[in-house]
Amino acid sequence: MIGGLDGDAAAHAALLRALVPLLERFYRRRLAGSNEVDDLVQETLIAVHGRRATYDRGRPFTAWLYAIARYRMIDHLRRQRRHIPIEDVEAMLVTEGFEASANARIDVTRLLDTLPPKQSRAIRDTHIDGQSIAEAATRAGIGESDVKISVHRGLRALAARLKG
Amino acid sequence: MSTESTERLIRQLSSDVARVPPNAVTRRIAIGIATGCVLAALYMGATIGVRPDLDAAIQGSSFWIKAAYTLSIAMVAMSTAVKLARPDASVPRGLWLLAVPALLLAGVGVVELASTPSGDWLAMWLGQSWRSCPWHVLTLSIPIFAGLLWSFRRLAPTHFRAAGAAAGLSAGGWAATIYCLHCPEVSAVFVLTWYTLGIALTASVGALMGSRLLRW
């Protein structure tokens, strides 16, 4: 970046080339399945080039880069929303809600898988599938207090992991 | 995949790589403000003119107290604007510095009031021109604000409202400084009220327009 700021065209081109995979990953993670990632990457490259004067040499480069990338994404979404007919918005909100809950479910499943099987089963039965302690105990063939202790220990381990 | 067009874009972009000096942001903002100030001063010269007794006034302290007050506001606002011109700016914290000139001026005002019979306080506060002063400041700030918009066009603000307010505040501070060359008022309480009001107006207008005009 510094080379580009000093007018070194080769360094500048190398920088822009190196940014392409970073930006692709950045946008792909946030706009899953969107075919506009390439456009956004190119727009961001143009912004990085055109506004490189706003980079402060004393500060971390990635913070600057992702601030631009984030703004380009917000601006992109804003422009896109403006052209969506009102009837589609409802459908879009429903899809987004589904996607959010689906993502949350994936996260929870992944977290539970990190626990010992007895604890994760106890949590899944009582907290996600909505069984009572007694039901969960008979189905797992263990005592009720065992279920309670498993739930308690499991939740505590998850809480510690999320905080840590 | 459009990697090919990306590659073409990169080649095109890196075909013109001008050197960027380290203080490019400050320089660009200074150019915008300076151009605006020249225009504002010319406009004032052509309309309301400078005060006829300017030669005598610059010998006195009240002229310099006014100028110091408005200039210090302009300086704080400019340094904030420079920070907000970067995309990774955080919400600015240095604004409490604005309280320093205001408190100093208020101190001068208290001394003034104490040495004036209370019957004259209202006349001192309103002066001759309280009605027009804030509006003159607002009018003179227009070209300076426009100059700053030009500066921001190649910069990358992301907090639009804050950046707009900082630009408005800088424009207001400089406009008030230029207005000092015309304004014949001498009392600190007058300046503290009506100049501040004019500058606050420009800052508010800037904040309102920021989110519309500063997008890129």
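Below, chains carry the letters A, B, ... as their sequence lines are ordered, and counting in each starts from 1. A quick note: this is a predicted structure, and the numbers were derived from the prediction, not measured.
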Review point. What part of Leu9(B) is in contact with chain A, defined as an atom under 4.5 angstrom from a non-hydrogen atom: side chain, backbone, both or neither?
Key: side chain

**Study point:** Residues which pass ring-ring contact (aromatic ring centres under 6.0 Å, His included) with His49(A), listed by chain and number, not counting sequence neighbours
**Key:** His12(A)

Review point. Just by modelled atom types, is the Val17(B) backbone N or O under 3.5 Å from a matching donor or acceptor in the Arg52(A) side chain?
Key: no

Revision key, fill the gap. In this structure, CG of Leu15(A) is separated from OG of Ser14(B) (nearest 0.5 Å) by 10.0 Å

Practice item. May I ask you to name which of Val25(B), Leu155(B), Thr158(B) has the most heavy-atom pairs under 4.5 Å with chain A? Key: Leu155(B)

Check your understanding: Does Ile10(B) reach the side chain of Val20(A), with side-chain heavy atoms less than 4.5 Å apart?
Key -> yes

Point to revise | Nearest-0.5 Å distance that lies between atom CG in Leu16(A) and atom CD in Glu7(B) | key: 10.0 Å

Check your understanding: Given that the side chain runs from C-beta out, which part of Arg70(A) has a heavy atom under 4.5 Å from chain B: side chain, backbone, both or neither?
Key -> neither

Review point. Should we count CZ of Arg161(B) as having more than 12 external heavy atoms under 6.0 Å?
Key: no

Revision key, fill the gap. For Pro87(B) and Ile68(A), the nearest pair of non-hydrogen atoms, with its separation, is CG-CG1, 3.7 Å

Exercise for review: Assign the ring pair Trp216(B) / Tyr71(A) to parallel, tilted or perpendicular, where the plane angle (0 to 90°) is split at 30° and 60°.
Suggested key: tilted

Review point. Would the number of heavy atoms belonging to other residues, nucleotides or ligands and lying under 6.0 Å from CZ of Arg215(B) be above 12?
Key: yes

Check your understanding: Of the backbone (N, CA, C, O) and the side chain (C-beta and beyond), which part of Arg8(B) lies under 4.5 Å from a heavy atom of chain A, both, or neither?
Key -> neither

**Study point:** Ala156(B) portion near chain A, given a 4.5 angstrom heavy-atom threshold
**Key:** both

Point to revise | Engaged part of Arg17(A) at the chain B interface, taking heavy atoms whose separation is under 4.5 Å | key: both

Check your understanding: Checking Ala10(A) against chain B: side chain, backbone, both or neither under 4.5 Å from a heavy atom?
Key -> neither

**Study point:** Contact origin within Arg27(B) toward chain A - heavy atom pairs under 4.5 Å
**Key:** neither

Check your understanding: If you round to the nearest 0.5 Å, how far is OH of Tyr66(A) from CG of Asp88(B)?
Key -> 13.5 Å

Check your understanding: Hey, is CZ on Arg131(B) packed in by over 12 heavy atoms from elsewhere, all under 6.0 Å?
Key -> no

Review point. Quick one: salt bridge (charged side-chain N to carboxylate O under 4.0 Å, His left out) partners of Arg156(A), sequence neighbours excluded?
Key: none

Review point. Quick one: of Asp56(A), Ile46(A), Val41(A), who has the most non-hydrogen atom pairs under 4.5 Å with chain B?
Key: Asp56(A)

Check your understanding: Between the main-chain N or O of Trp64(A) and the side-chain N or O of Arg86(B), is there a donor-acceptor pair closer than 3.5 Å?
Key -> no

Practice item. Heavy atoms only: give me the nearest Thr54(A)-Arg154(B) pair and the separation to one decimal. Key: CG2-O, 4.4 Å

Practice item. Check each atom of Ile74(A) against the heavy atoms of chain B and say whether the ones under 4.5 Å are side chain, backbone, both or neither. Key: neither

